[in-house]
Amino acid sequence: MQPTIVPLGDSALTVIFGTSIDEETNDTVHSLFNLLQNADIPEIIDILPAYASLTIIYNFEMIYSDHHCSPYKYMQNKVQTILKDRVAQESNFITDIDIPVSYDESFGTDLSAIAREKQLSISEIVQLHCAATYKVYMIGFLPGFSYMGKVDKKLATPRKAVPDPLISAGSVGIAGEQTGIYPLDSPGGWNIIGRTPVKIFDKLAASPCLLRAGMKVRFQPILLDEYHQIKNTQ
Amino acid sequence: VSVVVLKKGLLDTIQDNGRYGYQHIGINPGGSMDKVSASIANMLVLNNTNEPIIELHFPAAVFQFTEPCVIAITGANFGPEIDGKLIPMNTSLLVARNSTLQFKRALEGARSYLAINGKWDIKKWLSSYSTNTKASAGGYKGRALIKDDFIEIRHQHFNIHKENKAVVLPVAAGYTDLSTPGNAIRVITNNEYQRLADESKNVLVSTPFLINLNSDRMGYRLKGKFLNSVVNDELLSSAVTRGTIQLLPSGEMIILMADHQTTGGYPKIANVISADLPKLAQMKPNDSMEFKIVELKEAEDAYIKQQQQLNRIEEKIKQELTNILANESY
């Protein structure tokens with residue numbers, strides 16, 4: 001599909017590459033993201049890659065005062081040129097990461113419900129969840145919250161109709177064919193199957209969010225003891 | 001000077017123009033809800049417009065200034081008083097040692113801005129002073145101000161000698177003409193506007209909508225006629241921005257404000273134009289608004305005009321304050 005460019009208000013535009021969750025479309029999104037980051041265009045103040053689209057927030061005042069033209073038209077032209085000349089771009093950061101997860105039922109509060117619903121044992125659920133490598137399709141909702149996919153169809157469980165009032169930081173959840181980790185304590189509707197002792201969000205770190213869109217993630221099952229050991233070293 | 005919080009308010013946070021460059025990792029921009037008022041407050045105390053200010057909601061906190069300093073209050077009029085005496089809005093004020101500032105009545109608007117001259121002794125988080133309460137970071141300890149908090153500020157430009165008298169400096173900024181009169185909020189339509197049924201497109205621009213009680217810095221929920229969409233397939237989550245109007249499955253609308261999430265999966269039917277966001281930020285629960293759809297060009301022209309007016313106000317204030325500093329001693 002030819003990408004289309006549409007305005008999002010008067011200070012942002014969205015490049016739409018498709019309408020489905022698939023890895024190829026999402027790779028195109030991240031390739032453009034990397035290209036734009038490397039190009040370091042001063043008029044661009046934020047770039048948001050999503051499943052099948054990428055949104056650019058631009059500095060309206062800067063574009064107008066430098067070029068005296070419609071800021072949208074200026075950015076639209078700029079992006080069209082970049083899209084025409086683009087070559088696939090590699091990412092600037094580490095892209096593969098293993099994340100330890102304790103699937104202890106004290107953390108995985110929805111494990112037994114999923115097991116019942118899907119006619120699976122808890123160890124089968126853990127095995128299925130750890131067998132796949134997941135792609136971080138996008139980050140959103142909370143600082144560093146990863147939308148990863150896709151989980152085995154046997155595990156796919158719809159989001160809860162009524163969100164839980166408090167899900168602990170580090171909780172690993174499933175929503176439809178997506179899996180993700182809560183970076184902060186938060187209300188949420190995902191089905192929780194385990195918890196990682198690793199800090200997903202650390203406001204004091206130079207780079208506060210561990211996961212970035214485009215990364216590949218594998219979950220490593222650990223015992224409750226190991227969970228506490230790792231947690232204590234954090 | 002130390003600015004001490006004697007009593008906490010409903011929600012008083014340190015903000016600036018927002019935290020940009022981190023939305024790809026899910027960290028939202030935040031920042032002042034009414035950027036025009038926040039900027040003018042800083043202009044009136046000779047600070048740069050991206051310096052921190054305190055955004056106040058009613059009932060607002062009570063503050064004490066341990067030393068003489070120059071302050072200004074803009075935005076919502078909460079009946080500000082210094083030591084029990086009403087003080088003017090949108091004006092440079094020299095306050096005396098140990099003055100107390102309090103806000104007595106919510107007269108008009110939703111958010112008031114307190115600027116204080118000088119360099120504030122607070123640290124930026126990810127290149128911004130704005131408070132991100134969700135991440136407990138930025139601003140003052142990542143949270144709203146409470147009793148006994150204090151901010152150290154080193155005053156600049158002003159050389160203050162007299163210590164016992166509050167002075168209203170003859171510098172004021174009227175800026176009501178920076179927004180359009182009435183309750184019209186201009187929007188441009190977004191990609192998913194076409195999902196609305198024809199009748200709902202009509203309802204959107206011909207009936208008033210009220211701001212619901214459970215509205216905050218994250219977003220305004222609207223109360224009014226329900227809108228129907230003709231397409232109901234689920235959308236992929238994608239980026240949203242300040243002013244994005246989402247259509248909830250119930251047929252209600254929500255307008256995303258300063259603390260909005262970075263992405264959303266509901267249809268985005270329209271976006272409030274940047275020039276009308278400050279006006280929207282001053283609307284309160286139960287206030288009524290009417291949407292007017294405009295073309296992108298009108299939105300851009302309106303924002304350019306507003307920025308030019310702001311620049312003129314800044315020049316005028318700078319000139320007047322510089323004259324005062326050259327000729328008077330405080």
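Heavy-atom basis, side chains included; hydrogens, waters and symmetry copies ignored. Residue numbering restarts at 1 for every chain, and letters A, B, ... go by the order of the sequence lines.
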Tell me, side chain or backbone of [X] under 4.5 Å from chain B's heavy atoms, or both, or neither?
X	value
A:Y64	side chain
A:S20	backbone
A:I57	side chain

Pairs of heavy atoms under 4.5 Å with chain B: top-ranked of [options]:
options	result
A:P208, A:A206, A:A52, A:P143	A:P143
A:L211, A:L142, A:T55, A:L204	A:L142
A:G140, A:S70, A:G144	A:S70

Taking all heavy atoms of [X] and all of [Y], pick out the closest pair and write down the distance.
X	Y	answer
B:A239	A:L8	O-CD2, 3.8 Å
A:I139	B:G26	CG2-N, 3.5 Å
A:S53	B:S238	OG-CB, 3.4 Å
A:G9	B:N190	N-OD1, 3.6 Å

Quiz item: For chain A, which of B:T263, B:N271, B:L236, B:T262 has the most heavy-atom pairs under 4.5 Å?
Solution: B:L236
Quiz item: If you count heavy-atom pairs under 4.5 Å with chain A, which of B:G142, B:A137, B:S237 comes out on top?
Solution: B:S237
Under a 4.5 Å heavy-atom cut-off, does chain A meet the side chain of [X], its backbone, both or neither?
X	value
B:I188	side chain
B:S274	both
B:L126	side chain
B:T189	neither
B:L296	side chain
B:K268	side chain
B:V240	backbone

Should we say atom [atom1] of [X] is surrounded by more than 12 heavy atoms from elsewhere, each under 6.0 Å from it?
X	atom1	answer
B:K292	NZ	no
B:Y266	OH	no
A:E24	CD	no

Quiz item: Between A:K203 and B:A135, is there a donor-acceptor pair closer than 3.5 Å when you use the side chain of the first and the backbone of the second?
Solution: no
Taking the side chain as every heavy atom from C-beta outward, state whether [X] and [Y] have any atom pair closer than 4.5 Å.
X	Y	result
B:H24	A:P49	yes
B:T241	A:S11	no
A:Y72	B:K297	no

Quiz item: How are the rings of A:F201 and B:W125 set to each other: parallel, tilted or perpendicular (split at 30° and 60°)?
Solution: perpendicular
Self-check item: Reference residue B:N191; test side-chain contact (heavy atoms from CB on, under 4.5 Å); the match among A:T14, A:T4, A:V6
Solution: A:V6
Quiz item: Pick from B:D301, B:V294, B:I273: which one makes a side-chain contact (heavy atoms from CB on, under 4.5 Å) with A:D10?
Solution: B:I273
Practice problem: Enter the distance from B:E300:CD to A:F60:CZ here, rounded to the nearest 0.5 Å. | Solution: 5.0 Å
Quiz prompt | Straight-line distance of A:L184 CG to B:K134 NZ, nearest 0.5 Å | solution = 8.5 Å
